[in-house]
Amino acid sequence: MLRMGEMLGRRGSKETAREGSGSGVPPPALETRPARRGRRPWYRREHPLLLMVPTLALLTLIVLVPLAVVILTSFMNITESNIAHWLAAPFTWLKNYASALTGPNVLGVSALQSIWISLAFSLITTAVGTPIAFLAALTVHHRSRGRTAIRSIYLIPYAIPCFVTAILARIIFLNQTGLLDVVLSDLHIASRNTYWLIGPNAFWAMTITDIWASWPLIYLLLLAGLAAIPKEQLEAAIIDGTSTWQRLRYVVIPRLTGVYSLAVLLSTFNHFGNFTLPYVMFGGVPPTSADTLPVNIYFRAFSSFDFGVASATAIITILVLGIPGLIYMRTTRLAENPMKAA
């Protein structure tokens with residue numbers, strides 16, 4: 001009986017399989033292992049880092065190669081007599097740096113003096129321009145009638161090219177006939193013989209001009225920082241009954257600390273490396289009080305033709321600008337990761 005049952009079961013399974021094949025239903029597929037793919041050739045693989053090759057090539061060509069040349073020439077005695085064969089010029093090692101820091105250029109100003117002039121120029125301009133930019137950002141932060149027009153007016157000094165600003169400033173600060181001398185004389189504040197474009201007053205004329213031209217840069221950064229403050233915090237402060245000064249002190253200013261630091265740093269760098277303003281404003285030969293570090297480099301390279309000392313002065317400029325940059329990056333990292341400070 002068992003044998004007959006097995007035979008009938010096998011017969012039934014065969015008939016079922018035949019019926020399934022005749023009805024168009026495919027038989028259950030057997031489990032098979034997926035076919036093993038061959039490894040793609042290297043030129044057909046996806047390489048995301050290859051997208052950075054054009055940028056890195058341009059960065060190397062425009063920045064790294066000139067920087068390497070400047071570093072090399074800062075240790076060599078290169079003048080107009082041997083510049084055609086500058087690779088064969090003798091090495092002077094650190095003598096160029098000593099000459100740059102202590103020796104005067106054709107205007108009688110050393111690189112060390114130019115560093116102090118540039119630092120004073122940058123810090124005073126940033127210190128005066130930053131509060132102006134902050135107040136301007138506050139005036140157009142909230143929605144009001146005519147806000148778009150006022151924002152456009154604020155950007156006019158920043159939109160004017162630097163050489164145009166320098167030419168206008170030169171006309172305004174002309175002795176006796178300049179607008180500033182005429183206004184100050186009519187108000188009985190100063191005489192018409194103030195001589196803004198020569199002597200020690202040239203530094204203040206350059207500083208006042210740069211304050212007017214550069215504060216919109218800080219204004220734009222602070223305006224973006226104000227827009228990033230959550231409205232919920234200000235609304236909660238209003239509900240708590242705080243005054244405008246309290247909201248400004250305890251809500252707005254703490255939220256702008258990072259943006260404020262970045263704005264001050266970028267503004268200082270911008271002023272420190274400003275060459276166009278003093279060179280154009282004073283007619284190509286600025287007085288000693290306005291001989292900033294970029295102007296010092298220019299006269300060493302293209303008036304004295306001492307390219308080795310000029311390159312050393314340029315490297316000194318990079319080092320002076322790199323110190324506050326590193327401090328800012330270090331401070332930002334510690335603010336993001338307080339555990340590292342411990």
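A donor-acceptor distance shorter than 3.5 angstrom exists from the side chain of T317 to the backbone of T313, with no hydrogens or angles considered. Using a distance-only test at 3.5 Å, with no hydrogens or angles considered, no donor-acceptor pair links the side chain of T242 to the main chain of R247. Between the side chain of T139 and the backbone N or O of A136 there is at least one donor-acceptor pair closer than 3.5 Å. Listed for the Q246 side chain is a donor-acceptor partner under 3.5 Å among the backbone atoms of S243.
Taking a 6.0 Å sphere around CH2 of W212, one finds it holds more than 12 heavy atoms contributed by other residues, nucleotides or ligands. Around CZ of F275, the count of heavy atoms belonging to other residues, nucleotides or ligands within 6.0 Å exceeds 12.
Between V128 and the choices T125, I132, T130, T126, the side-chain contact (heavy atoms from CB on, under 4.5 Å) rule is met once, by I132. Under the ring pair (Phe, Tyr, Trp, His ring centres under 6.0 Å) test applied with F75, the options Y97, F91, F307 reduce to a single match, Y97.
The side-chain heavy atoms of D210 and N270, taken from C-beta on, include no pair separated by under 4.5 Å.
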Item to complete: Give the C-alpha distance, both sets of side-chain angles, the deciding distance and a yes or no for side-chain contact (heavy atoms from CB on, under 4.5 Å) between F173 and M281.
Response: CA-CA 10 Å; F173 285 101; M281 183 176 176; 3.8 Å; yes
Item to complete: Output, in order, the C-alpha distance, side-chain angles, deciding distance and verdict of side-chain hydrogen bond (donor to acceptor under 3.5 Å, both in side chains) for D181 and S185.
Response: CA-CA 6 Å; D181 274 354; S185 176; over 6 Å; no
Discussion item. Assess the residue pair I318 and L67 against the criterion (side-chain contact (heavy atoms from CB on, under 4.5 Å)); give the C-alpha distance rounded to whole Å, side-chain angles, the decisive distance to 0.1 Å, and a yes or no.
Written reply: CA-CA 10 Å; I318 294 174; L67 180 61; 3.7 Å; yes
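For Y219 and Y158, the ring centers sit 6.0 Å or farther from each other. A centroid separation of less than 6.0 Å is found between the aromatic rings of W215 and Y154.
Between the CG atom of D291 and the CG atom of N296 there is a distance of 5.0 Å, given to the nearest 0.5 Å. Here OG1 of T148 is found 9.0 Å from CZ of R143. Values are rounded to the nearest 0.5 Å.
The heavy-atom pair separating S214 from H271 by the smallest distance is OG-CE1, 2.8 Å.
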